[in-house]
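The structure under discussion appears below in the form of structure tokens.
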Amino acid sequence: MRRGLVQLLAGHRIDGVDWRGSKLRGLGGQPLGQMEGQRVVGVRRHGKFLLVDLSDGLWLVHLGMTGKLLFAEPGEPERKHTHLVLDLDDGRQLRFSDPRRFGTLKLYGKDQAAAVPDLAHFGPDALARSFTPAVLGAELATSRSPLKSFLLDQTRLAGVGNIYACEALWRARLSPRRAANTTPAGKVKPLHAAIRAVLRESIAAGGTSFNDYVDHIGQPGKFLLELAVYDREGKPCPRCGATIKRIQQAGRSTFHCPRCQR
DNA sequence: ATGATCTCCTGAGCGC
DNA sequence: TGCGCTCAGGAGATCA
């Protein structure tokens, strides 16, 4: 999403803001109407948050589970649950829709742009240079959580969701039930590599589109085809052939191979 | 302090 | 066709 947005949004001015006043999960900061007249300078990402840098502030976006940001022409029919429409200086629109309304939209002024409050307690981005095997190892040592829950904890590292947590643990041959602080020393590097490989490959494939995710131009992702365990309960493990199991952890589904993940 | 559970929503898919 | 149920890319609040 970031890559698509920076390509099609950077340098453009926001000429109009149509905020429908929906109750979203995460709202706050300045009124979104104050984006009007500002120019988009760039788009960054930390974990699952998009940070749209504006000429006079920062627009923070989280898509939650069902949020979508889509470019459209003014006449195009609108998706249901459209909450925000931005008019751009070249006539296009950028529309935010989100059926479940778990998304976050916040506008911050220049003063807060350097230190976004929402990210203050977040760990390093999983793909950042600063997230090294040593950092992962140190975090693992301080947690008794099951590895699966550990990977979902954005305060430890940011950017890994339910699908990629399952996939990374499968690649590293680690059981999702293993307590984080019992991870063998020799497994820290493989887990670190697995997390980053899964994320990189999925980004290259345009995301996963498990349900209805589409990117900024309405394209679904293709990483679904590369999933080894997620949503594959009862199917054979691509590595050892054992039957993939589904369990519940912290209220979320975990998929794993009970034979080759230890 | 830490980890598990609840909660905010709509929609899709299933069995009946 | 429709009803009731379960489940879904997240994460802050609350409970134990």
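Chain naming here is simple, since letters A, B, ... match the order of the sequence lines and numbering starts at 1 in each. Values below: every heavy atom of this structure, side chains too, minus hydrogens, waters and symmetry copies.
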Do the side chains of A:Leu105 and A:Tyr213 join up, straight or via other hydrophobic residues, at under 4.5 Å, putting them in one cluster?
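Yes; A:Tyr213 is reachable from A:Leu105 via cluster members.
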Starting from [atom2] on [N], measure out to [atom1] on [X] and report it in whole angstrom.
X        : N      : atom1 : atom2 : answer
A:Leu60  : C:dG12 : CG    : P     : 11 Å
A:Asp118 : C:dG12 : CG    : P     : 8 Å
A:Asp231 : C:dC7  : CG    : C1'   : 10 Å
A:Leu119 : C:dG10 : CG    : P     : 16 Å
A:Phe49  : C:dG12 : CZ    : C1'   : 10 Å
A:Arg25  : C:dG9  : CZ    : P     : 15 Å
A:Gln249 : C:dA8  : CD    : P     : 13 Å
A:Leu105 : C:dG10 : CG    : C1'   : 15 Å

Just by distance, no angles: are the side chains of [X] and [Y] close enough, under 3.5 Å, to form a donor-acceptor pair?
X        : Y        : result
A:Ser175 : A:Gln261 : no
A:Asp89  : A:His12  : yes
A:His83  : A:Ser22  : yes

Distance check: side-chain N/O of [X] vs OP1/OP2 of [N], anything under 4.0 Å?
X        : N      : value
A:His62  : C:dG10 : no
A:Ser253 : C:dA8  : yes
A:Arg252 : C:dC7  : no
A:His121 : C:dG12 : yes

Using a 4.0 Å heavy-atom cut-off, does [X] contact any base of the nucleic acid, only the sugar-phosphate backbone, or nothing at all?
X        : value
A:Ser145 : sugar-phosphate
A:Ser143 : sugar-phosphate
A:Arg156 : sugar-phosphate
A:Gln154 : sugar-phosphate

Per the salt bridge (Lys or Arg N to Asp or Glu O under 4.0 Å) rule, what does the pair list look like for residues 135-157 of chain A, sequence neighbours excluded?
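Those involving residues 135-157 of chain A are A:Glu139-A:Arg156, A:Asp153-A:Arg156.
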A:Leu136 CG to A:Ile195 CD1 distance, which is reported to the nearest 0.5 Å:
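One finds 5.0 Å between CG of A:Leu136 and CD1 of A:Ile195.
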How far does CZ of A:Arg95 sit from CZ of A:Arg79, to the nearest 0.5 angstrom?
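That separation rounds to 10.5 Å.
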Is there a salt bridge (charged side-chain N to carboxylate O under 4.0 Å, His left out) between A:Glu201 and A:Arg171 once you walk through the steps?
CA-CA 13 Å; A:Glu201 289 169 29; A:Arg171 289 189 186 208; 2.8 Å; yes
Decide if the gap between the ring center of A:His192 and the ring center of A:Phe131 is smaller than 6.0 angstrom.
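Yes - the distance between ring centres of A:His192 and A:Phe131 falls below the 6.0 Å cut-off.
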Can you confirm whether or not the ring centre of A:Tyr164 sits under 6.0 Å from the ring centre of A:Tyr230?
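So the answer is no for these two rings.
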For C:dG4, does the O4'-C1'-N9-C4 or O4'-C1'-N1-C2 angle fall within 90° of 0, making it syn, or is it anti?
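Judged by the O4'-C1' to base torsion, C:dG4 sits in anti, the angle falling more than 90° away from 0.
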Please output the side-chain donor-acceptor pairs of residues 27-41 of chain A that fall under 3.5 Å, not counting sequence neighbours, one pair per line with the distance.
| residue | atom | partner | partner atom | Å |
| --- | --- | --- | --- | --- |
| A:Gln38 | OE1 | A:Asp56 | N | 2.9 |
| A:Gln38 | NE2 | A:Gln34 | O | 2.9 |
| A:Arg39 | NH1 | A:Gly11 | O | 2.8 |

Contact list please: residues 93-102 of chain A against DNA chain B, heavy atoms, distance less than 4.0 Å, in numerical order.
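Those residues whose heavy atoms fall under 4.0 Å from DNA chain B, taken from residues 93-102 of chain A in numerical order, are A:Pro99, A:Arg100, A:Arg101, A:Phe102.
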Mind checking the P distance from C:dC3 to B:dC9? Whole angstroms is fine.
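Approximately 23 Å lies between the P atom of C:dC3 and that of B:dC9.
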Encoded 5' to 3' (Watson-Crick or G-U under 3.5 Å; [ ] crossing; | other strand), DNA chain C becomes .|||||||.|||||||
Can you tell me if A:Glu167 uses its side chain to pair, donor with acceptor, with the backbone of A:Ala165 under 3.5 Å?
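Side chain of A:Glu167 to backbone of A:Ala165, a donor-acceptor pair under 3.5 Å: no, none is there.
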Counting C-beta onward and ignoring hydrogens, is there a side-chain heavy-atom pair between A:His256 and A:Ile244 closer than 4.5 Å?
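Not touching, per the 4.5 Å side-chain cut-off.
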Side-chain contact test, heavy atoms from C-beta onward, threshold under 4.5 Å: evaluate it for A:Leu94 versus A:Leu8 and give yes or no.
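Not touching, per the 4.5 Å side-chain cut-off.
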First and last nucleotide of DNA chain B in contact with chain A, 5' to 3', at under 4.0 Å to a heavy atom: what are they?
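Footprint of chain A along DNA chain B, 5' to 3': B:dG3 to B:dG11.
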Does atom CZ of A:Arg20 have more than 12 heavy-atom neighbours from other groups under 6.0 Å away?
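Buried by this count: over 12 neighbours within 6.0 Å.
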Tell me which residues in residues 64-72 of chain A lie within less than 4.0 Å of DNA chain C, going by non-hydrogen atoms.
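Of all residues in residues 64-72 of chain A, the ones placing a heavy atom under 4.0 Å from DNA chain C are A:Gly64, A:Met65.
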Side chain of A:Asn162: nearest nucleotide among C:dG9, C:dA8, C:dA11?
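Closest of the options to the side chain of A:Asn162: C:dG9.
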